[in-house]
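Take a look at the structure set out below.
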Amino acid sequence: IHYSHKHKDKYKDKEHKHKDHKKDKEREKSKHGSRYWMGMKSLDGKVKKEKENGFASPPHMKIEPEEDFYHSPKLAKSLKRERDDDNDLDFKPKKIKTENDKKAKKRKQEDEFLFLFLWEEERYTDGVKWKFLEHKGPVFAPPYEPLPSNVKFYYDGKPMKLSPEAEEVATFFSKMLDHEYTTKDIFRKNFFKDWRKEMTSEEKAKITDLKKCNFTEMSEYFKGLSEARKAMTKEQKLKIKEENERLLQEYGFCIMDNHRERIANFRIEPPGLFRGRGDHPKMGMLKRRIRPQDIIINCSKNSKHPEPPPGTKWKEVRHDNKVTWLVSWTENIQGSIKYIMLNPSSRIKGEKDWQKYETARRLKKCVDRIRAQYREDWKSKEMRVRQRAVAIYFIDKLALRAGNEKEEGETADTVGCCSLRVEHIKLYPENEGQEYVVEFDFLGKDSIRYYNKVPVEKRVFKNLQLFMENKEPDDDLFDRLNTSVLNKHLQELMDGLSAKVFRTYNASITLQQQLKELTNEDENIPAKILAPPKTFEKSMQNLQAKIDAKRDQLANAKRDLKAAKADAKGLRDDKSKKTVETKRKAVQRIEEQLMKLEVQATDREENKQIALGTSKLNYLDPRISVAWCKKWGIPIEKIYNKTQREKFAWAIDMAEKDFEF
DNA sequence: TGAAAGACTTGGAATAATTTTC
DNA sequence: GAAAATTATTCCAAGTCTTTCA
């Protein structure tokens with residue numbers, strides 16, 4: 001086949017240029033990952049044509065490289081060499097499931113296409129993420145529209161016309177008036193300080209006390225606007241929808257290496273007041289408006305780069321194909337960089353996701369060894385080794401996050417494993433009949449409280465006592481450890497291993513086990529798996545409230561019935577008899593409703609068992625669920641909604657019913 | 001070597017769209 | 001057919017981890 005050489009040469013070229021083998025991982029990744037993505041919506045119609053060949057449709061052949069898709073870098077390398085040496089264009093996957101011979105010839109063609117594409121994908125070595133990238137740039141926040149003159153701001157009871165700059169910031173506050181934030185001291189203090197920066201000197205002189213500011217008219221005005229928006233006619237709503245769709249079509253997609261890909265966040269974040277989570281020292285600060293001169297554009301040299309709005313300039317246009325972002329800017333609250341990147345359905349995100357689960361599957365193979373190792377290390381002579389070993393145990397057993405250190409005063413005070421302080425744990429040699437109990441109580445990511453009482457192994461317990469000796473409550477529990485030391489160690493234990501891999505691994509392996517356990521042949525499976533909503537607890541509470549209300553209602557109805565009966569007994573007329581009947585019916589009806597609610601409640605509670613809830617999107621290998629669906633004939637739509645199906649398209653395509661995590 | 005910068009994933013809250021209930 | 005409840009989507013803060021820099 002003629003087109004082979006060109007590619008071959010390209011490949012060889014690369015090989016010579018890059019002698020370092022650090023990135024073998026990347027190569028190995030694309031080897032099998034491309035299977036799905038290469039068949040995806042393509043721009044030049046090339047793949048589409050192949051699709052007519054039956055190639056890009058769900059595969060009826062299956063490639064089964066040894067070792068569950070994973071090659072150690074070394075192996076990957078040698079496989080590659082082999083091919084290279086053979087000048088191998090009729091490279092065949094090791095095993096092909098053949099259904100019949102008729103299709104064999106066709107399949108061979110497919111293999112050649114497959115090979116070609118694998119070839120193509122293999123170019124991405126040394127961190128290169130794409131070859132071609134073109135997009136339309138970001139959509140900026142709409143400019144500020146001054147308030148109508150009848151909407152006034154009052155200072156100290158008197159109306160006061162603000163300059164547009166000061167007024168805009170005031171509107172940010174007024175829009176949050178109903179929010180708890182605006183009652184918090186830090187929020188108010190930060191807001192007022194930043195607001196004053198936007199004021200004219202006259203305004204600054206006059207407005208000196210936030211308590212004297214009255215934003216209610218402004219607040220009412222915005223409430224009115226949102227009411228009006230809700231009350232719009234069908235046509236008006238449709239018009240807005242169409243406009244949004246137009247914007248999406250124009251700015252919401254980019255072209256990356258022959259694919260038209262959806263962009264995740266093509267709109268620049270509008271200005272507003274920073275809302276931190278928990279006790280964030282910066283809450284209330286002004287998030288300033290992003291202008292074209294703040295924006296760095298990233299695209300390929302040979303693309304048509306986006307034009308800045310008339311009369312403006314980009315900060316920079318660069319061509320860095322070692323990164324995946326299209327647009328970036330520096331945010332003014334923390335000074336961190338924000339990015340515009342692709343949607344989870346894109347090749348670049350999907351491949352990465354897939355890779356993540358492959359890493360977790362590799363952990364499965366050596367987790368026993370690693371566990372044995374850290375248990376051994378609990379006995380180490382070296383303090384840092386012991387601390388490391390106990391930390392890994394927590395990460396593995398309790399799914400704690402790594403816990404990077406954070407700059408004090410810049411963010412809320414939250415911790416993870418490595419940043420735990422003495423004050424965050426309590427030790428109980430005995431507690432409620434269990435030995436060696438550790439009580440965790442700390443604020444984790446997003447200032448969400450982690451509270452847990454767990455019995456641990458004696459050695460762990462003794463070590464913790466040791467770590468806490470002679471320390472103040474606010475001292476680090478693991479004073480000889482940080483995340484970079486920890487991850488360096490993990491990396492040595494397994495290529496690609498870091499703390500968060502344990503979360504992925506443990507979540508996925510547990511899901512698989514649970515599915516196996518809880519699904520039995522003769523049962524009518526389906527309802528079980530239906531994922532409880534993220535708001536599970538809340539909806540459970542709602543339901544409970546309903547049940548309680550219904551009970552009250554029932555009690556009332558019964559009382560009424562009794563009263564009516566008594567009446568009827570006394571009066572003995574038709575009318576009161578009738579009332580008794582209706583009351584009786586009412587009681588009956590309410591009883592039925594109550595029953596229904598109670599059934600609902602137990603159903604929901606039981607469903608929790610295989611809760612696919614929140615972790616579904618980030619920690620559970622989608623192939624497990626996909627395989628389960630295929631095995632039990634459950635439509636995938638029951639598990640994943642549209643967005644999720646797009647994100648996991650690779651898994652839906654890739655996983656067979658016998659997939660094992 | 002350690003801090004800072006950079007890139008990318010994770011996850012809650014707000015908001016929009018859709019479905020259910022009354 | 002409106003209101004309420006539920007579910008989907010968007011938004012963006014807060015993490016993790018890698019790379020760069022001094």
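Fair warning: this is a prediction, and the values are worked out from it, not measured in the lab. Residue numbers begin at 1 in each chain, while the letters A, B, ... track the order of the sequences.
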**Request:** Please state whether the phosphate of dC17(C), meaning OP1 or OP2, lies under 4.0 angstrom from any side-chain nitrogen or oxygen of Asn487(A).
**Result:** yes

**Request:** Name the residue closer to the 5' end of DNA chain B, choosing between Ser328(A) and Arg229(A) according to the nucleotide with the nearest heavy atom.
**Result:** Ser328(A)

**Message:** Heavy atoms only, 4.0 Å cut-off, all strands: where does Thr324(A) land among base, sugar-phosphate and nothing?
**Reply:** sugar-phosphate

**Asked** At under 4.0 Å between heavy atoms, what does Pro344(A) touch on the DNA or RNA strands: base, sugar-phosphate, or nothing?
**Response** nothing

**Item:** Toward the 5' end of DNA chain C, by each residue's nearest nucleotide, Thr414(A) or Arg267(A)
**Value:** Arg267(A)

**Asked** Are Arg503(A) and dG15(C) close enough that a side-chain N or O sits under 4.0 Å from OP1 or OP2?
**Response** no

**Message:** Parallel, tilted or perpendicular, judged at 30° and 60°: which one describes the rings of Phe191(A) and Phe215(A)?
**Reply:** perpendicular

**Item:** Distance in angstrom units between Lys322(A) NZ and dG6(B) C1', rounded
**Value:** 15 Å

**Prompt:** Touch check for Gly276(A), heavy atoms < 4.0 angstrom, all strands: base, sugar-phosphate only, or nothing?
**Reply:** sugar-phosphate

**Message:** Any base atoms under 4.0 Å from Lys287(A), or only sugar-phosphate, or nothing? Heavy atoms, all strands.
**Reply:** sugar-phosphate

**Asked** Can we say Lys136(A) and Glu250(A) salt-bridge, meaning some charged N sits less than 4.0 Å from an Asp/Glu carboxylate O?
**Response** yes

**Message:** Without decimals, in angstroms, what is the distance between Glu408(A) CD and dA3(B) C1'?
**Reply:** 16 Å

**Asked** Taking the six-membered ring for Trp, are Phe394(A) and Phe440(A) ring centroids under 6.0 Å apart?
**Response** yes

**Request:** Specify the separation, in whole Å, of atom CD of Glu405(A) and atom P of dG2(B).
**Result:** 11 Å

**Request:** Classify the nucleic acid contact of Asn404(A) as base, sugar-phosphate or nothing, counting any heavy atom under 4.0 Å across all strands shown.
**Result:** base

**Prompt:** Can you find a side-chain donor-acceptor pair between Glu351(A) and Gln355(A) that sits under 3.5 Å?
**Reply:** no

**Prompt:** NZ of Lys129(A) versus P of dT18(C): gap in Å, rounded?
**Reply:** 12 Å

**Qualifying residue for salt bridge (Lys or Arg N to Asp or Glu O under 4.0 Å) with Glu358(A), from Arg361(A), Lys356(A), Arg362(A)** = Arg361(A)

**Prompt:** Does Lys338(A) put a side-chain nitrogen or oxygen below 4.0 Å from OP1 or OP2 of dA13(C)?
**Reply:** yes

**Asked** Closer than 4.0 Å, any side-chain N/O of Ser498(A) to the OP1 or OP2 of dC17(C)?
**Response** yes

**Prompt:** What does Ala499(A) touch in the nucleic acid at a heavy-atom separation under 4.0 angstrom: a base, only the sugar-phosphate, or nothing?
**Reply:** sugar-phosphate

**Request:** Answer yes or no: does a side-chain N or O of Gln334(A) lie under 4.0 Å from OP1 or OP2 of dA14(C)?
**Result:** yes

**Message:** dC8(B), OP1 or OP2 - any side-chain N/O from Lys349(A) closer than 4.0 Å?
**Reply:** no

**Asked** For dG15(C), does OP1 or OP2 lie under 4.0 Å from any side-chain N or O of Lys406(A)?
**Response** yes

**Asked** What is the distance, rounded to the nearest whole Å, between atom CG of Asn265(A) and atom P of dA13(C)?
**Response** 12 Å

**Item:** Rounded distance in Å - CZ (Arg449(A)) to P (dG12(B))
**Value:** 17 Å

**Glu410(A) CD - dA5(B) C1' separation (whole Å)** = 14 Å

**Request:** Kindly check if the number of other-residue, nucleotide or ligand heavy atoms within 6.0 Å of CD (Glu180(A)) is above 12?
**Result:** no

**Request:** Specify the residue among Gly444(A) and Lys642(A) whose closest nucleotide of DNA chain C lies further upstream toward the 5′ end.
**Result:** Lys642(A)

**Message:** Applying a 4.0 Å non-hydrogen cut-off, can you work out what Ile333(A) is touching in the nucleic acid: base, sugar-phosphate, or nothing?
**Reply:** nothing

**Item:** 5′-ward residue of the pair His179(A)/Lys500(A) relative to DNA chain B
**Value:** Lys500(A)

**Prompt:** If you look at every strand shown and take non-hydrogen atoms under 4.0 Å, does Gly403(A) touch a base, only sugar-phosphate, or nothing?
**Reply:** sugar-phosphate

**Asked** When we call it a touch if two heavy atoms are under 4.0 Å apart, what does Tyr339(A) touch: a base, just sugar-phosphate, or nothing?
**Response** base

**Message:** Mind checking if Arg401(A) touches a base, just sugar-phosphate, or nothing, with heavy atoms under 4.0 Å?
**Reply:** sugar-phosphate

**Request:** Please evaluate the base of dT10(B) for a donor-acceptor partner in the side chain of Lys445(A) within a cut-off of under 3.5 Å?
**Result:** yes

**Request:** Take Arg291(A) and Asp294(A), measure what salt bridge (Lys or Arg N to Asp or Glu O under 4.0 Å) needs, and give me the verdict at the end.
**Result:** CA-CA 5 Å; Arg291(A) 306 151 304 173; Asp294(A) 303 316; 3.0 Å; yes

**Request:** Select one nucleotide: of dC12(C), dA14(C), dT16(C), the one nearest the side-chain heavy atoms of Pro270(A).
**Result:** dC12(C)

**Message:** Without decimals, in angstroms, what is the distance between Asn482(A) CG and dG2(B) P?
**Reply:** 8 Å

